[in-house]
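Down below is the structure, laid out as structure tokens.
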Amino acid sequence: MFCRKCGKELEDGWKSCPYCGEPVDNRTDELGTMGNIKKSPGKQKLWIGVEAAVVVIAAVAIGVIIGKTGPAAKNGQQTVKENSAENGEKSKEKKIKEVKDFSSQDFETMIGTSISELEEAGLKKVDGKEEYTGLDGSIKVACQGEMIQSISIEGEEATTPSFHKTRLGMSVEEVKNNLAEAYPEQEEAEGMLKFLNLEKKSSVECSFAEEKLNKIHYRVLSEEEVVSYQQAKEEKLRAEFIFPDSDKKYLSEDEIRAKTVEDLMVGRNEIFARHGYMFEDAGLKSHFESTSWYQGTVASSEFNSEQVFNEFEKKNVELIKKVEDEINGEAAEEAERQAAINEGYNHIVGNSYNYRGWQLVIEFQTSDTVRICYGGEILDDYFNYSITARYEENKDAMSWLKYITINGVEYYLRCFTDGSINLSGAGEFDGWYDKI
């Protein structure tokens, strides 16, 4: 046998190990001394094999135990949890009661929240749709995934929710006061106001009946809608200007001369208006106050164009004024010319004149028809005529001289205060005429 402490071989009958002093237990069994292996090397190997088998069996047993508490057991637990969650959801569904009064809620707060909060607010999911409703469809909330896409509110004002403090039954002015700041862009049509926040990509459409709000519809705008609206807004804004880019580029003389003299005056002054110039001229004041962009903030006495205008604006004001003055000069000249022409027509239209010393009578029936009465057996003639005026020298002075063309022949026309006229030209009607 062997010492159970130091492993040295011992002889039978020894009471203790002479090597380490460990007491020797002499009781034996068929495998050898208690806890020791017999001397036989073959049997020692057998015992080691037995011990290994025991370890394997123990490991298998532990594996079985672990298996029972491992993945399979976890799956079982998960199933239990799932069943429990399922039951909880069913229980939750059972607990959701029909809400008949949403008046204490503001549904703008729903934007950006989870779908579960829609249910907590008292809305019910529509089967097969990403939609929640309340009050028998008076409230509708459409979703896409977890995101709210639209909110529609109509029906009884006493039980429906508000939206950004806006309630059904409010007046147009009340709605504007509530929504204009949060949704600054506005569009207006008959019976409808649309408020937009392009930064947040959202719009609120408000419908009215008899001047009272009867429907609120919020929805998320697509990127394409935002871009389209911005482009339309820019085009609309540009249409309010005579020269939309006069603060960004030098205007050419051609594009300035393409405008009327009235447009030039407005176009020149809109450069001042951009900087808040307060107009004293009633016409300009009324015009700019009707635009969407003008804000008069600087009195004319305090305005300093040299300080506020950029180089484009300075040059453009100068060029517009130059062309404007030229056209105004031409316009003034044209006005004088027209005044002389009108004077001629006013003197002769509707009147008849007798040629001095002859029975010939000229009758100017209209502003373009003259009747010639020759007398005797000669039949009357009718001719077209017209009056024009030219700025020419007359008696060492320049003045507007009137000319009348009868049947293709031009005569210098002079009108006198006694009503008489004189036609001077190379035609048959040359001479003096007295008013009949």
Side-chain angles (χ1 to χ4, degrees), residues 108 111-112 142-145 147-153 163-164 166 172-173 175-208 213 215-260 262-277 284 286-297 308-313 315-317 319-320:
E108 189 186 40
I111 300 169
C143 303
Q144 187 174 8
M147 300 295 294
I148 289 177
Q149 294 299 303
S150 68
I151 299 172
S152 182
I153 303 169
F163 187 93
H164 197 79
T166 302
V172 173
E173 286 306 311
V175 171
K176 284 183 177 180
N177 290 338
N178 283 347
L179 294 174
E181 185 174 349
Y183 299 85
E185 307 290 339
Q186 294 183 34
E187 290 183 346
E188 191 167 347
E190 186 175 353
M192 192 272 285
L193 280 174
K194 187 175 183 179
F195 301 85
L196 301 98
N197 187 318
L198 299 182
E199 185 178 342
K200 294 183 178 179
K201 297 180 182 178
S202 57
S203 74
V204 182
E205 295 178 13
C206 298
S207 301
F208 295 85
L213 180 63
K215 185 175 181 179
I216 302 171
H217 184 70
Y218 161 87
R219 71 184 184 89
V220 175
L221 298 173
S222 67
E223 186 66 36
E224 291 76 14
E225 286 178 304
V226 172
V227 171
S228 176
Y229 182 84
Q230 288 173 329
Q231 289 175 343
K233 180 184 175 184
E234 178 66 21
E235 289 173 7
K236 185 177 178 181
L237 181 62
R238 289 178 66 84
E240 294 184 5
F241 287 87
I242 303 299
F243 299 112
D245 301 318
S246 59
D247 60 335
K248 302 180 186 68
K249 70 167 192 173
Y250 294 114
L251 300 175
S252 70
E253 191 164 331
D254 286 343
E255 59 187 315
I256 290 174
R257 290 189 179 278
K259 305 295 182 182
T260 65
E262 292 81 8
D263 283 347
L264 289 180
M265 182 180 67
V266 174
R268 175 169 53 85
N269 280 284
E270 70 190 10
I271 297 175
F272 290 78
R274 277 197 186 99
H275 297 278
Y277 183 93
L284 290 171
S286 175
H287 169 79
F288 288 112
E289 286 181 348
S290 71
T291 66
S292 64
W293 54 270
Y294 173 70
Q295 302 224 341
T297 55
V308 299
F309 286 175
N310 62 34
E311 288 305 311
F312 295 120
E313 291 170 318
K315 290 294 183 183
N316 288 334
V317 165
L319 183 57
I320 294 171

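Note that CD of Glu205 and NZ of Lys215 are 8.5 Å apart. Values are rounded to the nearest 0.5 Å. Taking OG of Ser203 as the start and CD of Glu185 as the end, the distance is 12.0 Å to the nearest 0.5 Å. The CD atom of Glu289 lies 11.0 Å from the CD atom of Gln295; values are rounded to the nearest 0.5 Å. Ile111 contributes atom CD1, which lies 7.0 Å from atom CD1 of Ile148 (distance to the nearest 0.5 angstrom). To the nearest 0.5 Å, atom CZ of residue Phe243 and atom CG of residue Leu264 are 5.5 Å apart. The OH atom of Tyr294 sits 14.0 Å away from the CD atom of Glu240 when rounded to the nearest 0.5 Å.
A search for ring pair (Phe, Tyr, Trp, His ring centres under 6.0 Å) contacts involving His275 returns Phe309, not counting sequence neighbours. Glu255 is linked by a side chain to side chain contact (heavy atoms under 4.5 Å, CB included) to Lys249, Leu251, Ser252, counting only residues two or more places apart in sequence or in another chain.
For Lys233, the NZ atom sits in a loose shell: 12 or fewer heavy atoms of surrounding residues, nucleotides or ligands are nearer than 6.0 Å. Other residues, nucleotides and ligands place no more than 12 heavy atoms under 6.0 Å from the CE atom of Met147. Counting heavy-atom neighbours within 6.0 Å of Lys236 NZ, excluding the residue itself, gives a total of 12 or less.
Between Pro244 and Lys248, the shortest heavy-atom contact is O-NZ, 4.1 Å. Summarising the geometry of Cys206 relative to Val175, their closest heavy-atom pair is SG-CG1, 3.8 Å, with the distance given to 0.1 Å. The two residues Leu213 and Ser207 have their closest heavy-atom pair at CD1-O, 3.4 Å. Heavy-atom minimum distance, Leu198 versus Val226: O-CG1, 4.2 Å. In plain terms, the two heavy atoms of His164 and Asn178 that are nearest each other are CD2-O, 3.0 Å.
In this structure, Asn310 contributes its side chain and Asp247 its backbone to a donor-acceptor pair below 3.5 Å.
Ion pairing of Glu225 with Arg219 is present here, as a side-chain N (NZ or NE/NH1/NH2) and a carboxylate O approach within less than 4.0 Å.
In summary, the side chains of Glu270 and Ser246 do not present any donor paired with an acceptor at a separation below 3.5 Å, with no hydrogens or angles considered.
Applying the ring-ring contact (aromatic ring centres under 6.0 Å, His included) test to pairs two or more places apart or on separate chains, those with a residue in residues 217-239 are Phe163-Tyr218.
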- Take Tyr250 and Leu319 through the test side-chain contact (heavy atoms from CB on, under 4.5 Å) and record every step on the way to the result. CA-CA 10 Å; Tyr250 294 114; Leu319 183 57; over 6 Å; no
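The aromatic ring centroids of Tyr183 and Phe195 lie 6.0 Å or more from each other.
Counting only heavy atoms from C-beta outward, the side chains of Met265 and Asn269 approach each other to under 4.5 Å.
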